[in-house]
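Reminder, nothing fancy here: chain letters follow the sequence lines and each chain counts from 1. Note that these values count all heavy atoms, side chains included, but never hydrogens, waters or copies made by symmetry.
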There are 2 protein chains.
Amino acid sequence: MADVEEFVESAGLHFERLGLSRTAARVMGCLLAETGEAADAPGLCERLGVAKSSMSVALHQLERGGLVERYRPPRARRDHYRLAEDVFGRAFRTKMTEFTAFAALAEQGLSAVGDHPTARARLEHMRDMYAFMAREFPKLLDRWDEERAGGTGGPAPGSAASGPLDGRP
Amino acid sequence: MADVEEFVESAGLHFERLGLSRTAARVMGCLLAETGEAADAPGLCERLGVAKSSMSVALHQLERGGLVERYRPPRARRDHYRLAEDVFGRAFRTKMTEFTAFAALAEQGLSAVGDHPTARARLEHMRDMYAFMAREFPKLLDRWDEERAGGTGGPAPGSAASGPLDGRP
DNA sequence: TAGTTTGTTCGGAACGTTCCGAACGCTTAG
DNA sequence: CTAAGCGTTCGGAACGTTCCGAACAAACTA
């Protein structure tokens, strides 16, 4: 059986490759392994051994990416944080924008190379492939949602939302 | 109509986010916009204004990633480079390994959190979703190959291979 | 054989990024 | 009103990465 801290560090390495900073990535690990009690900034700071300024930046980064939700329980003096309900859906859809970006890049290339046949064929292939992916990948996500909703019969995606720490407005 | 050099720089930015170094990414741009004549290391160095040492490292990086093929035309004194036939398929499949890596990460988390219900549910969701993607995405690639092969009726994917500079052993 | 060209490897410099500590504004409790 | 806690912002330091120039090894030419 592995250690939780080990997992947090692994998560730090993995999520870093998604474009997050190291601390933000480690925060993702903490929130994934969260065992129920609320996560707040001072707690995360002590747990990860980082300055609260870095934590502030990291949490903002995560919040703006839609990966983490910030909420303040009534009468509480500090913010609390949890994973967004559709973190992974969000992550995939962010990745997806890459597809359209590459299709657009190919388009730019096409208008740059003029009418040279082999170059055009290459870039058209690239454009068509990424366009195909941008068109088909969302369907895959939908199929996942359906499969998950139908399979469990339970509530819609986002089971973690109905945890013991629900104090959102 | 955009400029070719602009396109190369755009490609540099885009491919950099795939984990390549900046120079390697710009080389990708050059090879994508290649107008037929062979690309060799000295030529790329001058075109991009980088040292040949950097070029050597970048080309190795691309070659080991399977994105670029190196070949030496008979009686030639320098190596030549071109995009691999299935560059984008290769790129997608590389990306795909990320899916299984994240599924494994979730597994690690599961063995770390023990039996806490909400944490387990979260991590099982993560594991199942990435496993689903790792299972279904290859099918998407296959569908693309079929669609492309059936649509054109032409040769199998990799039309750029039969260009005017075919001197591979 | 001597000379040229190509490609690789290595150490050091330059660059960008991330992180920390300090200062500030804001809210709440006493 | 004072004091304490939380969150944000900023400048500077530390880190890792990338790149360049020089030295080297190998292949070919004359």
Report task. Return the value, rounded to whole Å, for the distance between atom CG of A/Leu62 and atom P of C/dT18. Result -> 13 Å

Requested in this report: Mind telling me whether A/His14 and B/Phe102 have parallel, tilted or perpendicular rings, with 30° and 60° as the class edges?
Outcome: perpendicular

Query raised in the report: Between A/Ser21 and C/dT17, does any side-chain N or O lie under 4.0 Å from OP1 or OP2?
Result: no

Requested in this report: Evaluate the side-chain proximity of A/Leu59 to A/Tyr81: yes if any heavy-atom separation is below 4.5 Å, no if none is.
Outcome: yes

Query raised in the report: Does the side chain of A/Thr23 get closer than 4.0 angstrom to OP1 or OP2 of C/dC19 through an N or O atom?
Result: yes

Query raised in the report: Nearest to the side chain of B/Ser53 - D/dC20, C/dA22, C/dC19?
Result: D/dC20

Requested in this report: Give a yes/no answer on whether the side chain of A/Arg75 brings an N or O atom under 4.0 Å of OP1 or OP2 in C/dA29.
Outcome: no

Query raised in the report: Rounded to the nearest Å, what distance is computed from the CD atom of residue A/Glu16 to the P atom of nucleotide C/dC19?
Result: 8 Å

Query raised in the report: How are the rings of A/Phe137 and B/Phe137 set relative to one another: parallel (under 30°), tilted (30 to 60°) or perpendicular (over 60°)?
Result: perpendicular

**Report entry** Nearest-nucleotide pick for A/Arg77, side chain only, options being C/dG7, C/dC20, D/dA4
**Finding:** D/dA4

Query raised in the report: Between D/dG7, C/dG7, D/dT9, which nucleotide gets closest to the side-chain atoms of B/Asp79?
Result: C/dG7

**Report entry** Whole-Å distance separating the CG atom of A/Leu13 from the C1' atom of D/dG16
**Finding:** 14 Å

Query - B/Pro42 side chain, from C-beta outward: closest of D/dT9, C/dC19, C/dG7 - result: C/dG7

Query raised in the report: When the distance from CD of B/Glu46 to P of C/dT6 is rounded to whole Å, what number comes out?
Result: 12 Å

Report summary line: B/Leu20 CG to D/dT18 P, in whole Å, measures 10 Å

Report task. When you get a sec, tell me which of D/dT8, D/dC20, D/dT9 is the closest nucleotide to the side chain of B/Val50? Result -> D/dC20

**Report entry** Pair A/Phe132 + B/Phe88: ring centers closer than 6.0 Å
**Finding:** no

Query raised in the report: Cluster question for you: counting only ILVMFWY and a side-chain heavy-atom cut-off of under 4.5 Å, with indirect links fine, are A/Val57 and A/Leu62 together?
Result: no

**Report entry** Rounded distance in Å - CZ (A/Arg64) to P (D/dG7)
**Finding:** 18 Å

Query raised in the report: Has B/Ser56 got a side-chain N or O lying under 4.0 Å from the OP1 or OP2 atom of C/dG7?
Result: no

Report summary line: When rounded to whole Å, the CD to C1' distance for the pair B/Gln61 and C/dT9 reads 16 Å

Report task. Using whole Å, report how far NZ of B/Lys52 lies from C1' of C/dC10. Result -> 14 Å

Report summary line: Comparing nearest nucleotides in DNA chain C, the 5'-proximal residue of the pair B/Asp40, A/Ser54 is B/Asp40

Query raised in the report: Within less than 4.0 Å of OP1 or OP2 of C/dA14, is there a side-chain N or O belonging to B/Arg22?
Result: no

